[in-house]
J.: 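Please see the structure below; I have some questions.
In what follows, every heavy atom counts, from backbone to side chain, and hydrogens, waters and symmetry copies are set aside.
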Amino acid sequence: MAAIDAQGYYIGIDGGGTRSTLLIDFEDGGAPICVQGGPLNICSVPQREAGASLEKLFRQAADAVRARGGQRCKGIGAGVAGAADPRTIPFFRESIGRIFPGIPLTVETDAAAALYGAHLDREGIVLVSGTGSSCFGGKGGRFHLAGGGGHIIDDGGSGYAIGRDILSAVLKALDKRIPPTLLSEAVQKQYGIASRGDIIAFVYDPHTRKDAIAACAPLITAACQAGDQAALEIARNAAEHLFEIASAVVTVLELPQGPIAYTGSVLKKEPYVRKFLKEKLDTGWGNMVYYEAKADAAAGAVLMARWAAAGGSL
């Protein structure tokens, strides 16, 4: 694919394990353009699939830039999931460099992009809970990451973990291990799952991706509002896990007052998880400054692009 021949814009990429976002930010002050795409985490999907998703994003970006009259790309920043895997950053450097040869490029973890977007700065802490979960912070050029180890061994408090716990609670209720829960009716209504066999078949079907399980997470809100004990326990458990990873970053970076910015679908949309987490932070850290992220990881990746173009200075 040929590089985009354009002038005066920066590209930021938030490459997640479920979906990806490409943001085009124009120097002339024109409205940014946002393009959505498929997963880019090569730990979760084959490299060929991730590469195809990346190329599709850039094709859409090329069309959008041409529709605006054509400008030149000044820099690219990419925050990508799975960056702890030694294959990830070289893969994206090579893939993006092939499409945009000679354009200043920086590739970091998606947690770093989330931090930059959350505070519009390189310092502070960002707590992320979407399909997965992680906490990342920076202070005085030092950085620390907690969580983000993937859904098999980590990602407590994430949408996946909450969805898994919902399905587990429904299974336990069917087995009479716990009292009946409103989550059973909610799961049946959304997925047609009514028996323990249905649950097991759904969870262990090789075609069931982690985002399908994470899609159960919003079901806890109505159940919590109704006082359902299983749902409230799941929400408290999620908050406990998120507090654990946040506390690790606070301690290592010596930032007892934060600030912590939160982002991701769980913390933005699930009020009970957010409420229980705030209670934990208030108890554990007292005067912690805690607020919703100022911007998303794609905007943070644009800052990375500007940084790359400026030779390393935000």
J.: Are Thr21 and Asp14 linked by a side-chain donor-acceptor pair shorter than 3.5 Å?
T.: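 There is no such pair (donor and acceptor under 3.5 Å, judged by atom type) between the side chains of Thr21 and Asp14.
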J.: Would Val80 and Asp110 count as a side chain to side chain contact (heavy atoms under 4.5 Å, CB included) if you check the C-alpha gap in whole Å, the side-chain angles of each, and the deciding distance to 0.1 Å?
T.: CA-CA 4 Å; Val80 293; Asp110 56 343; 5.7 Å; no
J.: Verify, without hydrogens or angle tests, whether Thr88 (side chain) and Gly82 (backbone) share a donor-acceptor contact under 3.5 angstrom.
T.: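 Here the side-chain-to-backbone pair exists.
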J.: Evaluate the criterion side chain to side chain contact (heavy atoms under 4.5 Å, CB included) for residue pair Thr208 and Val203; output intermediate values, then yes/no.
T.: CA-CA 7 Å; Thr208 299; Val203 170; over 6 Å; no
J.: Could you tell me whether the side chain of Asp228 and the main chain of Ala231 form a donor-acceptor pair under 3.5 Å?
T.: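 Side chain of Asp228 to backbone of Ala231, a donor-acceptor pair under 3.5 Å: yes, one is there.
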J.: Are there over 12 heavy-atom neighbours, none belonging to Glu233, within less than 6.0 Å of that residue's CD?
T.: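 Incorrect, the count does not exceed 12.
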J.: Drop me the distance from Lys189's NZ to Leu219's CG, to the nearest 0.5 angstrom.
T.: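 Nearest 0.5 Å value for the NZ-CG distance: 10.5 Å.
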J.: Could you check whether any side-chain heavy atom of Cys216 comes within less than 4.5 Å of a side-chain heavy atom of Ile162, counting everything from C-beta outward?
T.: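 Answer no - side chains too far apart.
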J.: Between the main-chain N or O of Arg87 and the side-chain N or O of Asp85, is there a donor-acceptor pair closer than 3.5 Å?
T.: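 Yes: the side chain of Asp85 pairs with the backbone of Arg87.
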J.: Check Asp63 with Arg59, please: is the shortest side-chain N to carboxylate O separation under 4.0 Å?
T.: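 No.
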J.: Under 30°, 30 to 60°, or over 60°: which ring-plane class applies to Phe26 and Tyr9, parallel, tilted or perpendicular?
T.: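 The rings of Phe26 and Tyr9 sit tilted, inter-plane angle from 30° to 60°.
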J.: Answer whether the closest heavy-atom distance between the side chains of Val126 and Tyr262 falls below 4.5 Å.
T.: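 Of all side-chain heavy-atom pairs linking Tyr262 with Val126, none is under 4.5 Å.
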J.: Going by distance alone, is a donor N or O of one side chain under 3.5 Å from an acceptor N or O of the other, for Tyr272 and Gln225?
T.: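 Side chains of Tyr272 and Gln225: no pair found under 3.5 Å.
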J.: Between Tyr291 and His119, how do the two ring planes meet: parallel, tilted or perpendicular, split at 30° and 60°?
T.: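 Ring orientation of Tyr291 relative to His119: perpendicular.
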J.: Would you call Ile11 and Val302 a side-chain contact if the rule is heavy atoms closer than 4.5 Å?
T.: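 Of all side-chain heavy-atom pairs linking Val302 with Ile11, none is under 4.5 Å.
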J.: With rounding to the nearest 0.5 angstrom, report the CZ to CG distance, Arg68 to Asp28.
T.: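 Separation between the atoms: 6.0 Å.
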J.: Find the distance between OG1 (Thr106) and CG (Leu303) and round it off to the nearest 0.5 Å.
T.: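 The distance works out to 11.5 Å.
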J.: Report the distance from atom CD of Glu292 to atom CD1 of Ile260, rounding to the nearest 0.5 Å.
T.: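 Reported value, rounded in 0.5 Å steps: 14.5 Å.
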J.: Do Tyr204 and Ile166 share a hydrophobic cluster, counting only Ile, Leu, Val, Met, Phe, Trp and Tyr and linking them when any side-chain heavy atoms are less than 4.5 Å apart?
T.: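 Yes, Tyr204 connects to Ile166 through the hydrophobic network.
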J.: Strictly distance-based, threshold 3.5 Å: is any side-chain N or O of Glu108 a donor or acceptor partner for the main-chain N or O of Ala113?
T.: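 No.
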J.: Quick one: does Gln60's side chain get under 4.5 Å of Gln36's, heavy atoms only?
T.: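 They are not in contact (no side-chain heavy atoms under 4.5 Å apart), so the answer is no.
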J.: Take atom CZ of Arg48 as the centre, draw a 6.0 Å sphere, and report whether it contains more than 12 heavy atoms from other residues, nucleotides or ligands.
T.: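 12 or below, so no.
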J.: Please give me the minimum heavy-atom distance between Gly157 and Leu242, naming the atom from each residue.
T.: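 Taking every non-hydrogen atom into account, O-CD1, 3.9 Å.
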J.: Can you check whether Thr131's main-chain N or O pairs, donor with acceptor, with Ser158's side chain at less than 3.5 Å?
T.: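 Yes, because the side chain of Ser158 sits within donor-acceptor range (under 3.5 Å) of the backbone of Thr131.
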J.: When hydrophobic residues are tied together by side-chain contacts of less than 4.5 Å, even through go-betweens, does Leu127 share a cluster with Tyr116?
T.: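 Leu127 and Tyr116: separate clusters.
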J.: Within the distance-only criterion (no hydrogens, no angle test), does the side chain of Thr181 pair as donor or acceptor with the backbone N or O of Ser184 below 3.5 angstrom?
T.: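 Checking the backbone N and O of Ser184 against the side chain of Thr181, no donor-acceptor pair under 3.5 Å is found.
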J.: Between Leu23 and Ile33, is there a side-chain heavy-atom distance shorter than 4.5 Å?
T.: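 Ile33 does not reach Leu23 side chain to side chain.
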J.: Tell me whether Ser168 contacts the main-chain N or O of Arg164 through its side chain, where contact means a donor paired with an acceptor under 3.5 Å.
T.: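 Such a contact is absent between Ser168 side chain and Arg164 backbone.
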J.: Given 3.5 Å as the limit, does a donor-acceptor pair link the side chain of Asp205 with the main chain of Ala201, or not?
T.: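 Absent.
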J.: Under 4.5 Å between side-chain heavy atoms, counting indirect links through other Ile/Leu/Val/Met/Phe/Trp/Tyr residues: same cluster for Leu54 and Val107 or not?
T.: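 They do share one cluster, since a chain of ILVMFWY contacts under 4.5 Å joins Leu54 to Val107.
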J.: How far apart are the closest heavy atoms of Arg142 and Val252, and which atoms are they?
T.: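 Taking every non-hydrogen atom into account, NH2-O, 3.0 Å.
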J.: For this output row, return yes or no: ring centroids of Phe58 and Phe100 closer than 6.0 angstrom.
T.: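 Judged by ring-centre distance (under 6.0 Å), Phe58 and Phe100 do meet the cut-off.
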J.: Decide yes or no on side chain to side chain contact (heavy atoms under 4.5 Å, CB included) for Val128 and Ser133, but give the supporting numbers first.
T.: CA-CA 5 Å; Val128 183; Ser133 66; over 6 Å; no
J.: Which heavy-atom pair separates Asp155 from Gly148 by the least distance, and what is that distance?
T.: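 Heavy atoms only, the tightest pair is OD1-CA, 3.6 Å.
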J.: Looking at Val266 and Val273, what are the two nearest heavy atoms and their distance?
T.: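 Here Val266 and Val273 meet closest at CG1-CG1, 4.0 Å.
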J.: Quick check on the hydrophobic clustering: are Phe91 and Ile89 connected, directly or via other members, by side-chain heavy-atom contacts under 4.5 Å?
T.: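 Phe91 clusters together with Ile89.
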J.: For side chain to side chain contact (heavy atoms under 4.5 Å, CB included), just list the numbers for Gln257 and Asn287, CA-CA rounded to whole Å, side-chain angles, deciding distance to a tenth of an Å, and then say yes or no.
T.: CA-CA 6 Å; Gln257 294 185 327; Asn287 296 320; 3.9 Å; yes
J.: Does any part of the side chain of Tyr290, heavy atoms only, come nearer than 4.5 Å to the side chain of Arg274, both counted from C-beta?
T.: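 Heavy-atom side-chain distance check passes, below 4.5 Å.
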J.: Between Arg209 and Glu49, is the closest basic N to carboxylate O distance under 4.0 Å?
T.: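 Between Arg209 and Glu49 there is a salt bridge, with a charged N closer than 4.0 Å to a carboxylate O.
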J.: Below 4.5 Å, heavy atoms only, C-beta onward: do Ile245 and Phe136 meet side chain to side chain?
T.: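 The answer is no; the side chains never approach within 4.5 Å.
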J.: Using a 3.5 Å distance criterion without hydrogens, assess whether the side chain of Gln229 forms a donor-acceptor pair with backbone atoms of Gly227.
T.: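 Such a contact is found between Gln229 side chain and Gly227 backbone.
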J.: Could you measure the distance from the CG atom of Asp25 to the SG atom of Cys34? Nearest 0.5 Å is fine.
T.: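 Result: 11.5 Å between the selected atoms.
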J.: Measure across Ser53 and Leu40 and return the closest heavy-atom pair with its distance rounded to 0.1 Å.
T.: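 Reported closest heavy-atom pair: CB-CD2, 3.7 Å.
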J.: Can you name the closest pair of heavy atoms from Leu171 and Arg196 and give their distance?
T.: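 Minimum heavy-atom contact is CD1-CB, 3.4 Å.
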J.: Between Thr283 (side chain) and Glu279 (backbone), is there a donor-acceptor pair under 3.5 Å?
T.: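 Yes; at least one donor-acceptor contact below 3.5 Å.
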J.: Answer yes or no: is there an ion pair linking Glu240 with Arg236, defined by an N-O contact shorter than 4.0 Å?
T.: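 So Glu240 does not pair with Arg236 through a salt bridge.
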J.: To the closest 0.5 Å, what do you measure between CG (Leu120) and CG (Leu115)?
T.: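 It comes to 10.5 Å.
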J.: With a 4.5 Å cut-off on side-chain heavy atoms, are Ser44 and Lys210 touching?
T.: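 Yes; the side chains approach each other to less than 4.5 Å.
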J.: Applying a strict under-4.5 Å side-chain criterion to I, L, V, M, F, W and Y, I'd like to know whether Phe243 and Leu232 cluster together.
T.: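 Hydrophobic grouping puts Phe243 apart from Leu232.
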